[in-house]
S.K.: 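Take a look at this one; I'll ask things after.
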Amino acid sequence: MTAPVCHSFSTHIWAAERSCCVQPDAVTWSEPGGARGRIEFSQLRRVQLRNPPGMGVASIGLLDLYPAHGPRLRVSSVHFRGFGQLEDRAASYRDFALALHAALVPHAASIRFRAGSTLTGQVALVFVMAVWTLLMLFGIAVLFSGTLEGWLALTLLPLVPPGLLIWRHMRRHWPRRYLPAVVPLDLLPG
């Protein structure tokens with residue numbers, strides 16, 4: 001019997017600090033007020049691993065566990081201590097995520113493993129990229145048509161760097177499937 005691998009965090013500034021542990025047959029969680037829960041590996045249906053843009057830390061890792069019944073369990077690599085006070089707990093999060101995936105290998109047939117952005121996040125990014133592309137095409141058309149002043153097209157130049165960053169983010173976080181034995185390390189902070 002190995003010792004459980006644990007990670008503690010809070011998902012926002014008003015949330016109590018939650019401690020999650022990987023047990024041999026389940027993930028357990030507890031909070032200081034006495035709230036606790038357990039998700040058996042046999043009841044787990046989906047695992048979503050993602051790395052959204054950071055808010056004052058180098059990288060945020062999110063791991064969502066979806067059981068067959070009941071609410072999802074979100075595990076975060078960032079601990080919110082207060083307004084503007086973030087604590088990066090990437091090391092214990094990484095250990096927790098790797099231990100969880102190792103424990104889930106025997107249950108892999110009944111669980112969907114997804115990496116990258118959620119469908120909603122990806123649709124929003126595709127919409128932003130479509131608007132960005134239309135603005136860039138408009139700027140190019142104006143620049144080469146000679147119907148309007150060239151300065152109008154040049155006012156769109158500041159949109160180029162953010163658009164390239166969004167494109168890079170979309171490529172890196174495009175939804176994909178993975179196996180628990182081959183965890184996508186690019187989505188784990190640290």
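Values reported hereafter were calculated over all heavy atoms of this structure, with side chains retained and with hydrogens, waters and symmetry mates removed. Each residue takes its place number in the sequence, starting with 1.
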S.K.: About how many Å separate CD of Glu17 and CD of Glu31, when rounded to the nearest 0.5 Å?
M.R.: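 CD of Glu17 is found 10.0 Å from CD of Glu31.
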S.K.: For Val75 and Trp29, what are the C-alpha separation, side-chain angles and deciding distance, and is it a side-chain contact (heavy atoms from CB on, under 4.5 Å)?
M.R.: CA-CA 10 Å; Val75 181; Trp29 60 267; over 6 Å; no
S.K.: Any donor-acceptor pair under 3.5 Å linking the side chain of His7 with the backbone of Ser76?
M.R.: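 Yes; judged by distance alone, with no hydrogens or angles, the pair exists.
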S.K.: Should the ring pair Phe113 and His101 be called parallel, tilted or perpendicular, given that the plane angle runs from 0 to 90° and is split at 30 and 60?
M.R.: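 Tilted.
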S.K.: Provide the closest heavy-atom pair for Arg74 versus Phe9 in the form atom of the first, atom of the second, distance.
M.R.: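 Nearest heavy atoms, Arg74 then Phe9: O-CZ, 3.1 Å.
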S.K.: Is there a path of hydrophobic side-chain contacts, each under 4.5 Å between heavy atoms, that joins Leu98 and Leu100?
M.R.: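 Yes; tracing contacts between hydrophobic side chains, which count when under 4.5 Å, links both residues.
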S.K.: Please determine whether a side-chain nitrogen of the Lys or Arg among Arg38 and Asp25 lies less than 4.0 Å from a carboxylate oxygen of the Asp or Glu.
M.R.: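 Yes, this pair counts.
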S.K.: Has the side chain of Gln43 got a donor or acceptor atom that lies under 3.5 Å from a matching backbone atom of Ala26?
M.R.: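 Not at all, since once roles are kept as given, no pair shorter than 3.5 Å links the two residues.
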S.K.: Indicate if Leu185 and Val22 have the same hydrophobic cluster label, given that clusters are the connected sets of ILVMFWY residues with side-chain heavy-atom separations under 4.5 angstrom.
M.R.: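 Hydrophobic grouping puts Leu185 with Val22.
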S.K.: I need the Thr28 OG1 to Gln23 CD distance, nearest 0.5 Å.
M.R.: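 So the gap between those two atoms works out to 4.0 Å.
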S.K.: Which is it for Val131 and Phe127 under the side-chain contact (heavy atoms from CB on, under 4.5 Å) test, yes or no, and what are the steps along the way?
M.R.: CA-CA 6 Å; Val131 170; Phe127 176 76; 3.9 Å; yes
S.K.: Tell me if a side-chain donor or acceptor on Tyr93 pairs with a main-chain N or O of Leu62 at a distance below 3.5 Å.
M.R.: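 Confirmed, Tyr93 side chain pairs with Leu62 backbone.
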S.K.: Is there a side-chain hydrogen bond (donor to acceptor under 3.5 Å, both in side chains) between Arg18 and Ser8? Walk through the geometry before answering.
M.R.: CA-CA 5 Å; Arg18 178 176 283 180; Ser8 63; over 6 Å; no
S.K.: Please report the closest heavy-atom contact between Ser77 and Gly61, naming both atoms and the distance.
M.R.: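 Here Ser77 and Gly61 meet closest at OG-N, 2.7 Å.
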S.K.: Salt-bridged, Arg45 to Glu40, with N to O below 4.0 Å?
M.R.: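 No, this pair does not count.
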S.K.: Think Arg46 forms a cation-pi with Tyr66, using NZ or CZ under 6.0 Å from the six-ring centre and within 45 degrees of its axis?
M.R.: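 Positive - Arg46 is close enough to the ring of Tyr66 and near enough to its axis.
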S.K.: Just do the side-chain contact (heavy atoms from CB on, under 4.5 Å) check on Leu73 and Val27 with the steps written out, would you?
M.R.: CA-CA 10 Å; Leu73 174 64; Val27 172; 3.8 Å; yes
S.K.: Only counting residues at least two apart or in another chain, list the ones meeting side chain to side chain donor-acceptor pair (under 3.5 Å) with Thr133.
M.R.: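 None.
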S.K.: Would you name the heavy atoms of Ile60 and Pro189 that are closest together and state the gap between them?
M.R.: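 The answer is C-CG, 4.5 Å.
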S.K.: Answer yes or no: is there a side-chain heavy-atom contact under 4.5 Å between Pro184 and Arg176?
M.R.: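 With C-beta onward as the side chain, the pair touches.
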S.K.: Considering all heavy atoms of both residues, which atom of Phe41 and which atom of Pro24 are nearest to each other, and what is their separation?
M.R.: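 Heavy atoms of Phe41 and Pro24 come nearest at CE1-O, 3.6 Å.
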S.K.: Please tell me whether Trp132 and Val126 are part of a single hydrophobic cluster in this structure, the criterion being side-chain heavy atoms less than 4.5 Å apart.
M.R.: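 Linked within one cluster.
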S.K.: Leu44 and Ile39: which non-hydrogen atoms are nearest, and at how many Å?
M.R.: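 That would be CD1-CG2, 3.8 Å.
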S.K.: Using only the SG atoms, decide whether Cys20 and Cys6 are less than 2.5 Å apart.
M.R.: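 Answer is no: Cys6 does not pair with Cys20 in a disulfide.
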S.K.: Of the non-hydrogen atoms in Leu104 and Val47, which two are nearest, and what is the gap between them?
M.R.: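 Residues Leu104 and Val47, closest heavy atoms: CD1-CG2, 4.0 Å.
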